[in-house]
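Single-structure report; data block below.
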Amino acid sequence: MHVMVKEDLVAHKLVAMHERIGKTNRDIFDVWFFFDNKWAVNTNIVELRTYMSYKEFLQVCISDIEKMSNRSILSGIG
């Protein structure tokens, strides 16, 4: 069942990862999977939800992930 186009799904998952960083680390894996498979991102959604440019938002996400402990980054993945 298709409920959302890939580009929109990736955009919402990126924002969810940022909002829930450290709480639901599966978002980090999901985002990695999307980027590794070269899925496009609807940058307009990211910018509307975060009030940042897409580039600024990615820099914030990178900074957030770099602050995480390597021992716990994959906690909860299963």
Side-chain angles (χ1 to χ4, degrees):
M1 170 187 332
H2 294 283
V3 294
M4 190 179 300
V5 295
K6 285 182 179 181
E7 295 84 0
D8 294 358
L9 178 93
V10 176
H12 288 294
K13 181 55 91 164
L14 268 169
V15 176
M17 179 189 72
H18 170 67
E19 291 172 344
R20 303 186 298 202
I21 198 83
K23 296 178 185 130
T24 55
N25 293 345
R26 70 181 176 274
D27 293 335
I28 297 168
F29 175 82
D30 293 342
V31 168
W32 169 83
F33 176 86
F34 298 147
F35 284 162
D36 191 55
N37 287 284
K38 299 175 181 32
W39 287 21
V41 180
N42 183 338
T43 58
N44 291 329
I45 290 174
V46 173
E47 291 173 349
L48 285 170
R49 287 191 58 192
T50 64
Y51 304 103
M52 292 183 249
S53 73
Y54 181 64
K55 183 177 179 178
E56 288 173 310
F57 176 73
L58 288 180
Q59 290 170 338
V60 168
C61 288
I62 290 167
S63 176
D64 289 344
I65 291 171
E66 286 177 339
K67 291 176 189 171
M68 294 185 73
S69 164
N70 288 340
R71 291 178 167 241
S72 66
I73 197 163
L74 297 179
S75 295
I77 299 247

Step-by-step side-chain contact (heavy atoms from CB on, under 4.5 Å) determination, Trp32 to Ile28: CA-CA 6 Å; Trp32 169 83; Ile28 297 168; 5.6 Å; no
Can you give me the closest heavy-atom contact between [X] and [Y], atom names plus distance?
X     : Y     : answer
Phe57 : Val15 : CZ-CA, 3.9 Å
Ala11 : Asn42 : CB-O, 3.4 Å
His18 : Cys61 : CB-SG, 4.0 Å
Thr50 : Val46 : OG1-O, 2.7 Å

Non-hydrogen side-chain atoms of Lys13 and Val10 separated by less than 4.5 Å: no
Close side-chain approach of Phe34 to Leu9, heavy-atom, < 4.5 Å: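 Of all side-chain heavy-atom pairs linking Leu9 with Phe34, at least one is under 4.5 Å.
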Check: Tyr54 main-chain N/O paired with Glu47 side-chain donor or acceptor under 3.5 Å: yes
Is there a path of hydrophobic side-chain contacts, each under 4.5 Å between heavy atoms of I, L, V, M, F, W or Y residues, that connects [X] with [Y]?
X     : Y     : answer
Phe35 : Met68 : yes
Trp39 : Leu58 : yes
Val41 : Phe33 : yes

Test log, rule side-chain contact (heavy atoms from CB on, under 4.5 Å), inputs Arg49 and His12: CA-CA 9 Å; Arg49 287 191 58 192; His12 288 294; 2.9 Å; yes
Separation of Met17 CE from Ile65 CD1 (nearest 0.5 Å):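 The CE atom of Met17 is 4.0 Å from CD1 of Ile65, to the nearest 0.5 Å.
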Separation of Ile45 CD1 from Met4 CE (nearest 0.5 Å):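 So the gap between those two atoms works out to 7.5 Å.
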Ile21 and Lys67: CA distance, side-chain angles, deciding distance, side-chain contact (heavy atoms from CB on, under 4.5 Å) verdict: CA-CA 10 Å; Ile21 198 83; Lys67 291 176 189 171; over 6 Å; no
